[in-house]
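If you're wondering where the values come from, they're calculated on a predicted model, not measured in any experiment. For the numbers below, each heavy atom of this structure counts, side chains included, while hydrogens, waters and symmetry mates do not.
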Protein chains: 2
Amino acid sequence: MRAQTTAEIKAIALKHLSEGGPDAVSLRAIGREMGMSGSAIYSYFDTRDALITTLINDIYTSLLDQVESARDAVPPDDIAGRIVAWGQAVRLWSLSNPQGFRLIYGDPVAGYHAPTGGPAPEAAKRACLGLTELAAAAWPRAKATQAFIEHQWSDFSPGLADTVREHFPDLPPAAVALALRMWGRMHGLIALEVYGHLGTQTGDPAKLYHAELLDLLRSLGLQVEHVRHPGTPRASA
Amino acid sequence: MRAQTTAEIKAIALKHLSEGGPDAVSLRAIGREMGMSGSAIYSYFDTRDALITTLINDIYTSLLDQVESARDAVPPDDIAGRIVAWGQAVRLWSLSNPQGFRLIYGDPVAGYHAPTGGPAPEAAKRACLGLTELAAAAWPRAKATQAFIEHQWSDFSPGLADTVREHFPDLPPAAVALALRMWGRMHGLIALEVYGHLGTQTGDPAKLYHAELLDLLRSLGLQVEHVRHPGTPRASA
DNA sequence: TTCTAACTCAGAACGGCGTTCAGACTTTGT
DNA sequence: ACAAAGTCTGAACGCCGTTCTGAGTTAGAA
(Lines give C-alpha, C1' and ligand atoms only; values in the text may rest on other atoms or scores of the structure.)
Protein backbone atom coordinates (compact mmCIF):
# COMPACT_ATOMS: atom_id res chain seq x y z
CA MET A 1 0.00 0.00 0.00
CA ARG A 2 1.32 3.34 -1.08
CA ALA A 3 -0.08 5.32 1.86
CA GLN A 4 1.52 2.96 4.33
CA THR A 5 4.97 3.25 2.81
CA THR A 6 4.60 7.02 2.77
CA ALA A 7 3.65 6.96 6.44
CA GLU A 8 6.63 4.76 7.23
CA ILE A 9 8.97 7.16 5.47
CA LYS A 10 7.55 10.05 7.44
CA ALA A 11 7.79 8.11 10.70
CA ILE A 12 11.45 7.26 10.18
CA ALA A 13 12.17 10.81 9.06
CA LEU A 14 10.55 12.12 12.25
CA LYS A 15 12.65 9.73 14.32
CA HIS A 16 15.87 10.84 12.65
CA LEU A 17 14.79 14.46 13.05
CA SER A 18 14.23 14.20 16.78
CA GLU A 19 17.45 12.25 17.27
CA GLY A 20 19.84 14.22 15.13
CA GLY A 21 18.20 17.42 14.00
CA PRO A 22 17.08 18.53 10.57
CA ASP A 23 20.35 17.59 8.90
CA ALA A 24 19.97 13.99 10.03
CA VAL A 25 16.94 13.59 7.79
CA SER A 26 18.61 12.00 4.77
CA LEU A 27 16.89 10.08 2.02
CA ARG A 28 19.68 7.54 1.86
CA ALA A 29 19.57 6.90 5.61
CA ILE A 30 15.79 6.50 5.53
CA GLY A 31 16.03 4.05 2.68
CA ARG A 32 18.81 2.17 4.45
CA GLU A 33 16.62 1.74 7.52
CA MET A 34 13.69 0.58 5.39
CA GLY A 35 15.80 -1.86 3.41
CA MET A 36 15.35 0.20 0.29
CA SER A 37 17.61 2.08 -1.99
CA GLY A 38 17.91 5.78 -1.38
CA SER A 39 16.57 6.65 -4.76
CA ALA A 40 13.40 4.63 -4.13
CA ILE A 41 12.12 7.42 -1.90
CA TYR A 42 11.66 9.50 -5.03
CA SER A 43 8.62 7.37 -5.83
CA TYR A 44 6.93 8.93 -2.81
CA PHE A 45 8.42 12.41 -2.56
CA ASP A 46 9.56 14.49 -5.49
CA THR A 47 12.53 15.79 -3.59
CA ARG A 48 13.94 16.00 -0.10
CA ASP A 49 12.45 19.45 0.35
CA ALA A 50 9.00 18.00 -0.33
CA LEU A 51 9.52 15.53 2.50
CA ILE A 52 10.70 18.34 4.78
CA THR A 53 7.62 20.36 3.83
CA THR A 54 5.24 17.61 4.84
CA LEU A 55 7.20 17.11 8.06
CA ILE A 56 6.81 20.81 8.82
CA ASN A 57 3.09 20.59 8.18
CA ASP A 58 2.68 17.53 10.37
CA ILE A 59 4.75 18.95 13.21
CA TYR A 60 3.14 22.37 13.03
CA THR A 61 -0.25 20.66 13.16
CA SER A 62 0.72 18.63 16.22
CA LEU A 63 1.86 21.82 17.93
CA LEU A 64 -1.46 23.51 17.27
CA ASP A 65 -3.47 20.48 18.29
CA GLN A 66 -1.76 20.55 21.66
CA VAL A 67 -1.94 24.32 22.09
CA GLU A 68 -5.59 24.59 21.14
CA SER A 69 -6.56 21.72 23.37
CA ALA A 70 -4.74 23.34 26.32
CA ARG A 71 -6.52 26.61 25.62
CA ASP A 72 -9.92 24.95 25.33
CA ALA A 73 -9.46 23.26 28.69
CA VAL A 74 -9.97 26.71 30.19
CA PRO A 75 -13.45 28.27 30.23
CA PRO A 76 -13.92 30.85 27.48
CA ASP A 77 -14.67 33.66 29.92
CA ASP A 78 -11.33 33.19 31.68
CA ILE A 79 -9.33 35.16 29.17
CA ALA A 80 -6.21 35.41 31.31
CA GLY A 81 -6.29 31.68 31.91
CA ARG A 82 -6.65 30.94 28.22
CA ILE A 83 -3.72 33.17 27.34
CA VAL A 84 -1.51 31.57 29.97
CA ALA A 85 -2.62 28.09 28.92
CA TRP A 86 -1.74 28.89 25.31
CA GLY A 87 1.66 30.27 26.26
CA GLN A 88 2.56 27.41 28.57
CA ALA A 89 1.46 24.85 26.01
CA VAL A 90 3.66 26.42 23.35
CA ARG A 91 6.65 26.29 25.66
CA LEU A 92 6.07 22.74 26.87
CA TRP A 93 5.60 21.47 23.33
CA SER A 94 8.74 23.28 22.20
CA LEU A 95 10.83 21.80 24.99
CA SER A 96 9.45 18.34 24.24
CA ASN A 97 10.07 18.74 20.51
CA PRO A 98 13.11 21.01 20.23
CA GLN A 99 14.02 19.70 16.81
CA GLY A 100 10.48 20.27 15.64
CA PHE A 101 10.67 23.81 16.96
CA ARG A 102 13.88 24.35 15.01
CA LEU A 103 12.31 22.92 11.91
CA ILE A 104 9.30 25.22 12.12
CA TYR A 105 10.87 28.43 13.38
CA GLY A 106 14.53 28.12 12.53
CA ASP A 107 16.62 27.19 9.56
CA PRO A 108 14.88 24.03 8.42
CA VAL A 109 17.70 22.73 6.33
CA ALA A 110 20.32 23.74 3.80
CA GLY A 111 18.79 25.91 1.12
CA TYR A 112 15.22 25.00 1.94
CA HIS A 113 12.59 27.56 1.06
CA ALA A 114 8.87 27.17 1.55
CA PRO A 115 6.68 27.59 -1.53
CA THR A 116 6.33 31.38 -1.35
CA GLY A 117 3.48 31.73 -3.81
CA GLY A 118 1.29 29.05 -2.33
CA PRO A 119 -1.38 29.52 0.30
CA ALA A 120 -0.33 29.80 3.91
CA PRO A 121 -0.21 26.40 5.60
CA GLU A 122 -3.26 25.44 7.59
CA ALA A 123 -1.35 25.27 10.87
CA ALA A 124 0.02 28.79 10.43
CA LYS A 125 -3.52 30.03 9.92
CA ARG A 126 -4.65 28.28 13.07
CA ALA A 127 -1.80 29.83 15.04
CA CYS A 128 -2.57 33.27 13.73
CA LEU A 129 -6.31 32.93 14.25
CA GLY A 130 -5.92 31.50 17.74
CA LEU A 131 -3.69 34.31 18.87
CA THR A 132 -5.94 36.87 17.23
CA GLU A 133 -8.92 35.39 19.04
CA LEU A 134 -7.12 35.75 22.35
CA ALA A 135 -6.10 39.29 21.53
CA ALA A 136 -9.64 40.13 20.46
CA ALA A 137 -11.04 38.79 23.72
CA ALA A 138 -8.52 40.82 25.70
CA TRP A 139 -8.88 43.92 23.57
CA PRO A 140 -11.76 45.62 25.42
CA ARG A 141 -9.61 45.87 28.52
CA ALA A 142 -6.25 46.13 26.80
CA LYS A 143 -7.44 49.05 24.74
CA ALA A 144 -6.85 51.38 27.65
CA THR A 145 -3.14 50.62 27.96
CA GLN A 146 -2.36 49.65 24.38
CA ALA A 147 -4.02 52.61 22.72
CA PHE A 148 -0.68 53.91 21.48
CA ILE A 149 -0.52 51.19 18.83
CA GLU A 150 -1.13 52.46 15.34
CA HIS A 151 -1.66 49.83 12.72
CA GLN A 152 -3.36 49.16 9.43
CA TRP A 153 -4.72 46.06 7.76
CA SER A 154 -2.63 46.66 4.68
CA ASP A 155 0.53 46.13 6.67
CA PHE A 156 0.09 42.40 6.91
CA SER A 157 1.04 39.54 4.71
CA PRO A 158 -1.82 39.21 2.19
CA GLY A 159 -2.72 35.55 2.71
CA LEU A 160 -2.94 35.60 6.49
CA ALA A 161 -4.45 39.07 6.60
CA ASP A 162 -7.35 37.95 4.41
CA THR A 163 -7.96 34.93 6.60
CA VAL A 164 -7.91 37.00 9.77
CA ARG A 165 -10.15 39.70 8.35
CA GLU A 166 -12.60 37.05 7.24
CA HIS A 167 -12.89 35.61 10.72
CA PHE A 168 -12.78 38.89 12.62
CA PRO A 169 -14.35 41.47 10.32
CA ASP A 170 -14.93 44.08 13.02
CA LEU A 171 -11.63 43.74 14.84
CA PRO A 172 -9.48 46.87 14.95
CA PRO A 173 -6.07 46.37 13.29
CA ALA A 174 -4.38 47.31 16.53
CA ALA A 175 -5.72 44.13 18.10
CA VAL A 176 -4.09 42.09 15.35
CA ALA A 177 -0.84 43.87 16.04
CA LEU A 178 -1.30 42.99 19.68
CA ALA A 179 -1.68 39.33 18.74
CA LEU A 180 1.60 39.44 16.84
CA ARG A 181 3.33 41.06 19.78
CA MET A 182 1.96 38.40 22.11
CA TRP A 183 3.35 35.84 19.70
CA GLY A 184 6.74 37.51 19.70
CA ARG A 185 6.81 37.74 23.45
CA MET A 186 6.18 34.02 23.87
CA HIS A 187 8.50 33.12 21.03
CA GLY A 188 11.48 35.10 22.30
CA LEU A 189 12.12 33.34 25.59
CA ILE A 190 11.22 29.94 24.15
CA ALA A 191 13.64 30.37 21.25
CA LEU A 192 16.43 31.47 23.58
CA GLU A 193 15.75 28.48 25.80
CA VAL A 194 15.50 25.93 22.99
CA TYR A 195 18.71 27.15 21.42
CA GLY A 196 20.52 27.04 24.75
CA HIS A 197 21.10 30.74 25.31
CA LEU A 198 19.52 30.85 28.76
CA GLY A 199 22.03 28.66 30.52
CA THR A 200 21.92 25.04 31.48
CA GLN A 201 19.70 24.96 34.56
CA THR A 202 16.27 23.48 34.13
CA GLY A 203 14.08 25.15 36.71
CA ASP A 204 15.03 28.70 35.92
CA PRO A 205 13.58 29.28 32.44
CA ALA A 206 10.18 28.08 33.65
CA LYS A 207 10.06 30.80 36.30
CA LEU A 208 11.31 33.34 33.83
CA TYR A 209 8.70 32.41 31.27
CA HIS A 210 5.91 32.42 33.81
CA ALA A 211 6.94 35.89 34.96
CA GLU A 212 6.85 37.01 31.35
CA LEU A 213 3.31 35.69 30.93
CA LEU A 214 2.20 37.45 34.11
CA ASP A 215 3.73 40.68 32.87
CA LEU A 216 1.94 40.18 29.57
CA LEU A 217 -1.37 39.85 31.39
CA ARG A 218 -0.57 43.01 33.30
CA SER A 219 0.07 44.75 30.00
CA LEU A 220 -3.39 43.71 28.90
CA GLY A 221 -5.03 45.00 32.07
CA LEU A 222 -6.11 41.51 33.14
CA GLN A 223 -6.34 40.11 36.66
CA VAL A 224 -3.62 37.64 37.54
CA GLU A 225 -4.59 36.46 41.03
CA HIS A 226 -6.09 33.13 40.09
CA VAL A 227 -3.33 31.97 37.79
CA ARG A 228 -1.45 29.06 39.25
CA HIS A 229 2.25 28.89 39.93
CA PRO A 230 4.31 27.35 37.14
CA GLY A 231 4.96 24.25 39.21
CA THR A 232 1.85 22.80 37.65
CA PRO A 233 1.94 22.47 33.88
CA ARG A 234 -1.64 23.57 33.23
CA ALA A 235 -1.34 27.15 34.38
CA SER A 236 -4.93 28.20 34.85
CA ALA A 237 -7.53 27.36 37.46
CA MET B 1 52.05 35.92 6.29
CA ARG B 2 50.00 33.47 8.23
CA ALA B 3 47.69 36.05 9.78
CA GLN B 4 46.87 37.48 6.39
CA THR B 5 45.87 34.13 4.92
CA THR B 6 43.74 33.45 7.97
CA ALA B 7 42.04 36.81 7.53
CA GLU B 8 41.40 36.07 3.85
CA ILE B 9 39.81 32.75 4.70
CA LYS B 10 37.56 34.43 7.22
CA ALA B 11 36.65 37.18 4.76
CA ILE B 12 35.64 34.73 2.04
CA ALA B 13 33.77 32.62 4.57
CA LEU B 14 31.85 35.70 5.68
CA LYS B 15 31.01 36.52 2.07
CA HIS B 16 29.71 33.02 1.42
CA LEU B 17 27.78 33.14 4.67
CA SER B 18 25.95 36.36 3.83
CA GLU B 19 25.25 35.18 0.30
CA GLY B 20 24.11 31.64 0.88
CA GLY B 21 23.65 31.07 4.59
CA PRO B 22 25.63 28.92 7.01
CA ASP B 23 25.58 25.87 4.75
CA ALA B 24 27.29 27.80 1.97
CA VAL B 25 30.42 28.08 4.09
CA SER B 26 32.40 25.17 2.68
CA LEU B 27 36.10 24.62 2.99
CA ARG B 28 36.35 23.36 -0.57
CA ALA B 29 34.55 26.40 -1.96
CA ILE B 30 36.74 28.76 0.05
CA GLY B 31 39.87 27.05 -1.17
CA ARG B 32 38.57 27.11 -4.74
CA GLU B 33 38.06 30.86 -4.53
CA MET B 34 41.55 31.33 -3.07
CA GLY B 35 43.22 29.13 -5.64
CA MET B 36 44.04 26.58 -3.01
CA SER B 37 43.14 23.02 -2.36
CA GLY B 38 40.33 22.42 0.04
CA SER B 39 42.52 20.50 2.41
CA ALA B 40 44.96 23.39 2.64
CA ILE B 41 42.53 25.23 4.93
CA TYR B 42 43.36 22.66 7.58
CA SER B 43 46.69 24.41 8.07
CA TYR B 44 44.76 27.38 9.46
CA PHE B 45 41.68 25.84 11.09
CA ASP B 46 41.62 22.44 12.73
CA THR B 47 38.16 21.75 11.41
CA ARG B 48 35.20 23.44 9.80
CA ASP B 49 33.57 23.90 13.18
CA ALA B 50 36.61 25.85 14.34
CA LEU B 51 36.16 28.23 11.42
CA ILE B 52 32.46 28.56 12.23
CA THR B 53 33.34 29.27 15.86
CA THR B 54 35.64 32.14 14.96
CA LEU B 55 32.99 33.48 12.57
CA ILE B 56 30.45 33.41 15.38
CA ASN B 57 32.86 35.26 17.65
CA ASP B 58 33.61 37.91 15.03
CA ILE B 59 29.97 38.43 14.11
CA TYR B 60 28.79 38.48 17.69
CA THR B 61 31.47 41.05 18.44
CA SER B 62 30.37 43.24 15.54
CA LEU B 63 26.78 43.06 16.79
CA LEU B 64 27.80 44.20 20.25
CA ASP B 65 30.06 46.94 18.93
CA GLN B 66 27.11 48.39 17.08
CA VAL B 67 24.62 47.94 19.91
CA GLU B 68 26.88 49.40 22.58
CA SER B 69 27.76 52.35 20.43
CA ALA B 70 24.07 53.08 19.77
CA ARG B 71 23.38 52.86 23.48
CA ASP B 72 26.29 55.13 24.37
CA ALA B 73 25.05 57.77 21.95
CA VAL B 74 22.25 58.40 24.47
CA PRO B 75 23.05 60.20 27.75
CA PRO B 76 23.36 57.80 30.68
CA ASP B 77 20.53 59.43 32.62
CA ASP B 78 18.05 58.80 29.78
CA ILE B 79 17.37 55.23 30.70
CA ALA B 80 14.35 54.84 28.44
CA GLY B 81 16.33 56.24 25.51
CA ARG B 82 19.20 53.86 26.15
CA ILE B 83 16.89 50.86 26.26
CA VAL B 84 15.18 51.85 23.04
CA ALA B 85 18.50 52.59 21.38
CA TRP B 86 19.76 49.14 22.38
CA GLY B 87 16.64 47.44 21.10
CA GLN B 88 16.53 49.29 17.82
CA ALA B 89 20.23 48.66 17.23
CA VAL B 90 19.76 44.94 17.75
CA ARG B 91 16.93 44.86 15.23
CA LEU B 92 18.67 46.96 12.62
CA TRP B 93 21.84 44.91 12.86
CA SER B 94 19.84 41.69 12.61
CA LEU B 95 18.00 42.84 9.50
CA SER B 96 21.28 43.95 7.94
CA ASN B 97 22.98 40.67 8.83
CA PRO B 98 20.23 38.05 8.75
CA GLN B 99 22.65 35.22 8.11
CA GLY B 100 24.79 36.41 10.99
CA PHE B 101 21.71 36.42 13.19
CA ARG B 102 20.95 32.86 12.16
CA LEU B 103 24.52 31.84 12.84
CA ILE B 104 24.48 33.30 16.34
CA TYR B 105 20.96 32.53 17.49
CA GLY B 106 19.82 29.71 15.24
CA ASP B 107 21.14 26.42 14.04
CA PRO B 108 24.64 27.35 12.98
CA VAL B 109 25.27 24.34 10.84
CA ALA B 110 24.89 20.59 10.69
CA GLY B 111 25.97 19.02 13.93
CA TYR B 112 27.81 22.06 15.22
CA HIS B 113 28.11 22.40 18.96
CA ALA B 114 29.91 25.16 20.78
CA PRO B 115 32.63 24.10 23.20
CA THR B 116 30.38 23.57 26.21
CA GLY B 117 33.08 23.36 28.82
CA GLY B 118 34.94 26.46 27.77
CA PRO B 119 34.40 29.96 29.08
CA ALA B 120 31.50 31.96 27.73
CA PRO B 121 32.49 33.98 24.67
CA GLU B 122 33.42 37.57 25.29
CA ALA B 123 30.55 38.91 23.18
CA ALA B 124 27.96 36.90 25.09
CA LYS B 125 29.31 38.39 28.31
CA ARG B 126 29.03 41.88 26.86
CA ALA B 127 25.44 41.25 25.78
CA CYS B 128 24.49 39.90 29.18
CA LEU B 129 26.28 42.67 31.06
CA GLY B 130 24.86 45.39 28.84
CA LEU B 131 21.31 44.22 29.31
CA THR B 132 21.85 43.75 33.01
CA GLU B 133 23.19 47.29 33.25
CA LEU B 134 20.04 48.60 31.57
CA ALA B 135 17.84 46.51 33.82
CA ALA B 136 19.76 47.68 36.87
CA ALA B 137 19.31 51.30 35.87
CA ALA B 138 15.59 50.77 35.36
CA TRP B 139 15.16 48.66 38.45
CA PRO B 140 14.42 51.43 41.00
CA ARG B 141 11.30 52.36 39.09
CA ALA B 142 10.51 48.94 37.65
CA LYS B 143 10.57 47.42 41.13
CA ALA B 144 7.07 48.70 41.77
CA THR B 145 5.50 46.81 38.87
CA GLN B 146 7.88 43.88 38.61
CA ALA B 147 7.92 42.96 42.27
CA PHE B 148 6.18 39.66 41.55
CA ILE B 149 9.36 38.23 40.08
CA GLU B 150 11.01 35.68 42.31
CA HIS B 151 14.46 34.65 41.34
CA GLN B 152 17.69 33.34 42.74
CA TRP B 153 21.28 33.66 41.71
CA SER B 154 21.75 29.95 41.66
CA ASP B 155 19.30 29.60 38.84
CA PHE B 156 21.66 30.93 36.22
CA SER B 157 24.28 29.40 34.05
CA PRO B 158 27.46 29.34 36.17
CA GLY B 159 29.83 31.15 33.82
CA LEU B 160 27.64 34.13 33.03
CA ALA B 161 26.17 34.30 36.51
CA ASP B 162 29.65 34.69 38.01
CA THR B 163 30.51 37.44 35.57
CA VAL B 164 27.28 39.31 36.25
CA ARG B 165 27.59 38.95 40.01
CA GLU B 166 31.13 40.24 39.81
CA HIS B 167 30.06 43.40 38.00
CA PHE B 168 26.83 44.00 39.90
CA PRO B 169 27.42 42.59 43.39
CA ASP B 170 24.48 44.40 45.00
CA LEU B 171 21.92 43.81 42.26
CA PRO B 172 18.85 41.83 43.27
CA PRO B 173 18.45 38.61 41.26
CA ALA B 174 15.04 39.78 40.09
CA ALA B 175 16.74 42.54 38.11
CA VAL B 176 18.86 39.95 36.31
CA ALA B 177 15.70 38.05 35.49
CA LEU B 178 14.28 41.28 34.17
CA ALA B 179 17.30 41.68 31.91
CA LEU B 180 16.73 38.20 30.49
CA ARG B 181 13.07 38.96 29.89
CA MET B 182 13.99 42.19 28.11
CA TRP B 183 16.33 40.13 25.96
CA GLY B 184 13.60 37.65 25.16
CA ARG B 185 11.14 40.38 24.32
CA MET B 186 13.49 41.96 21.80
CA HIS B 187 14.61 38.61 20.46
CA GLY B 188 11.11 37.28 19.81
CA LEU B 189 9.88 39.75 17.25
CA ILE B 190 13.30 40.03 15.62
CA ALA B 191 13.59 36.27 15.21
CA LEU B 192 10.09 36.03 13.74
CA GLU B 193 10.92 38.83 11.33
CA VAL B 194 14.33 37.48 10.29
CA TYR B 195 12.90 34.03 9.68
CA GLY B 196 10.05 35.44 7.63
CA HIS B 197 7.14 34.63 9.92
CA LEU B 198 5.76 38.15 10.06
CA GLY B 199 4.78 38.41 6.42
CA THR B 200 6.44 40.09 3.52
CA GLN B 201 5.69 43.78 4.02
CA THR B 202 8.62 45.91 5.07
CA GLY B 203 7.11 48.81 7.00
CA ASP B 204 4.97 46.79 9.34
CA PRO B 205 7.49 44.95 11.54
CA ALA B 206 9.19 48.24 12.36
CA LYS B 207 5.98 49.68 13.80
CA LEU B 208 5.29 46.45 15.60
CA TYR B 209 8.74 46.35 17.16
CA HIS B 210 8.59 49.97 18.20
CA ALA B 211 5.24 49.38 19.86
CA GLU B 212 6.77 46.46 21.69
CA LEU B 213 9.64 48.62 22.96
CA LEU B 214 7.17 51.28 24.13
CA ASP B 215 5.17 48.64 25.97
CA LEU B 216 8.40 47.38 27.52
CA LEU B 217 9.15 50.87 28.81
CA ARG B 218 5.63 51.05 30.20
CA SER B 219 6.25 47.76 31.98
CA LEU B 220 9.31 49.33 33.57
CA GLY B 221 7.41 52.40 34.71
CA LEU B 222 9.45 54.70 32.48
CA GLN B 223 8.27 57.80 30.67
CA VAL B 224 7.92 57.41 26.92
CA GLU B 225 7.01 60.91 25.75
CA HIS B 226 10.38 61.92 24.38
CA VAL B 227 11.09 58.74 22.43
CA ARG B 228 11.02 59.34 18.71
CA HIS B 229 8.86 57.60 16.18
CA PRO B 230 10.51 54.62 14.47
CA GLY B 231 10.84 56.52 11.21
CA THR B 232 14.23 57.65 12.41
CA PRO B 233 16.70 54.83 13.04
CA ARG B 234 18.19 56.25 16.26
CA ALA B 235 15.16 56.11 18.46
CA SER B 236 15.99 58.44 21.31
CA ALA B 237 16.26 62.24 21.53
C1' DT C 1 76.92 25.83 5.39
C1' DT C 2 74.51 21.83 6.18
C1' DC C 3 71.19 19.33 8.38
C1' DT C 4 66.86 19.04 10.47
C1' DA C 5 62.54 20.20 11.96
C1' DA C 6 58.37 22.64 11.11
C1' DC C 7 55.20 24.49 8.19
C1' DT C 8 52.36 24.73 3.75
C1' DC C 9 50.29 22.90 0.19
C1' DA C 10 48.42 19.37 -3.70
C1' DG C 11 46.06 15.40 -4.72
C1' DA C 12 44.12 11.11 -3.98
C1' DA C 13 41.07 8.63 -1.18
C1' DC C 14 36.95 7.35 2.04
C1' DG C 15 32.35 7.78 3.21
C1' DG C 16 28.45 10.74 3.27
C1' DC C 17 24.92 13.48 0.81
C1' DG C 18 20.83 14.82 -3.08
C1' DT C 19 19.64 13.82 -7.49
C1' DT C 20 19.22 11.62 -12.15
C1' DC C 21 18.91 7.91 -15.22
C1' DA C 22 18.56 3.42 -17.51
C1' DG C 23 16.79 -0.83 -16.83
C1' DA C 24 14.40 -4.70 -14.53
C1' DC C 25 10.41 -6.23 -12.13
C1' DT C 26 5.61 -6.16 -10.56
C1' DT C 27 1.06 -4.66 -10.70
C1' DT C 28 -3.09 -3.06 -12.92
C1' DG C 29 -6.52 -2.20 -16.54
C1' DT C 30 -8.25 -3.41 -20.84
C1' DA D 1 -2.50 -11.23 -23.80
C1' DC D 2 -0.76 -6.89 -24.06
C1' DA D 3 0.27 -2.27 -22.70
C1' DA D 4 0.70 1.17 -19.34
C1' DA D 5 1.78 2.67 -14.93
C1' DG D 6 4.11 2.20 -10.85
C1' DT D 7 8.16 0.46 -7.86
C1' DC D 8 12.67 -0.47 -7.05
C1' DT D 9 17.96 -1.24 -7.93
C1' DG D 10 22.41 0.20 -8.94
C1' DA D 11 25.50 3.07 -11.15
C1' DA D 12 26.75 7.62 -11.93
C1' DC D 13 27.64 12.89 -11.22
C1' DG D 14 28.97 16.44 -8.34
C1' DC D 15 28.98 18.27 -3.81
C1' DC D 16 30.71 17.97 1.02
C1' DG D 17 34.27 17.23 5.51
C1' DT D 18 38.13 14.86 6.65
C1' DT D 19 42.50 12.12 6.51
C1' DC D 20 46.71 10.72 4.58
C1' DT D 21 50.89 10.69 1.77
C1' DG D 22 54.20 13.13 -0.10
C1' DA D 23 56.26 16.87 -2.23
C1' DG D 24 58.17 21.70 -1.66
C1' DT D 25 59.58 25.53 1.15
C1' DT D 26 61.22 27.90 5.14
C1' DA D 27 63.73 28.73 9.40
C1' DG D 28 66.81 27.61 13.13
C1' DA D 29 70.60 25.08 15.14
C1' DA D 30 74.98 22.73 14.75
Which whole-number value in Å describes the distance from [X] [atom1] to [N] [atom2]?
X	N	atom1	atom2	value
Arg32(A)	dG16(C)	CZ	P	6 Å
Ile30(B)	dG17(D)	CD1	P	8 Å
Leu27(A)	dG16(C)	CG	P	15 Å
Asp23(B)	dC16(D)	CG	P	12 Å
Glu33(A)	dC17(C)	CD	P	12 Å
Arg48(B)	dG16(C)	CZ	C1'	14 Å
Phe45(A)	dC17(C)	CZ	P	18 Å
Met34(A)	dT9(D)	CE	C1'	15 Å

- Hey, which of Ile30(A), Leu27(A), Thr53(A), Ile41(A) is the one that makes side chain to side chain contact (heavy atoms under 4.5 Å, CB included) with Arg48(A)?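 Of the listed residues Ile30(A), Leu27(A), Thr53(A), Ile41(A), the side chain to side chain contact (heavy atoms under 4.5 Å, CB included) partner of Arg48(A) is Leu27(A).
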
- Message: Any side-chain to backbone donor/acceptor pair from Tyr60(B) onto Ala127(B)? Under 3.5 Å, distance only.
- Response: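 Side chain of Tyr60(B) to backbone of Ala127(B), a donor-acceptor pair under 3.5 Å: no, none is there.
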
Atom pair [atom1] ([X]) and [atom2] ([Y]), whose distance is rounded to the nearest 0.5 Å:
X	Y	atom1	atom2	answer
Tyr44(A)	Glu8(A)	OH	CD	9.5 Å
Arg181(A)	Leu213(B)	CZ	CG	9.5 Å
Leu103(A)	Ile52(A)	CG	CD1	6.0 Å

- Does a side-chain N or O from Arg2(B) land closer than 4.0 Å to OP1 or OP2 of dA6(C), or not?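 Checking dA6(C) against Arg2(B), no side-chain N or O comes under 4.0 Å of OP1 or OP2.
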
- Task: Ignoring backbone atoms, test whether Arg28(B) places a side-chain nitrogen or oxygen under 4.0 Å from the OP1 or OP2 oxygen of dC15(D).
- Result: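 The answer is no; no side-chain N or O of Arg28(B) sits under 4.0 Å from OP1 or OP2.
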
- Task: Using a cut-off of 6.0 Å, state whether more than 12 heavy atoms not belonging to Asp65(B) lie near its atom CG.
- Result: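 Yes, CG of Asp65(B) has more than 12 neighbouring heavy atoms, counting only those of other groups under 6.0 Å.
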
- Query: Which of residues 35-44 of chain B have a heavy atom under 4.0 Å from DNA chain C?
  - Reply: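 Of all residues in residues 35-44 of chain B, the ones placing a heavy atom under 4.0 Å from DNA chain C are Gly35(B), Met36(B), Ser37(B), Ser39(B), Ala40(B), Ser43(B), Tyr44(B).
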
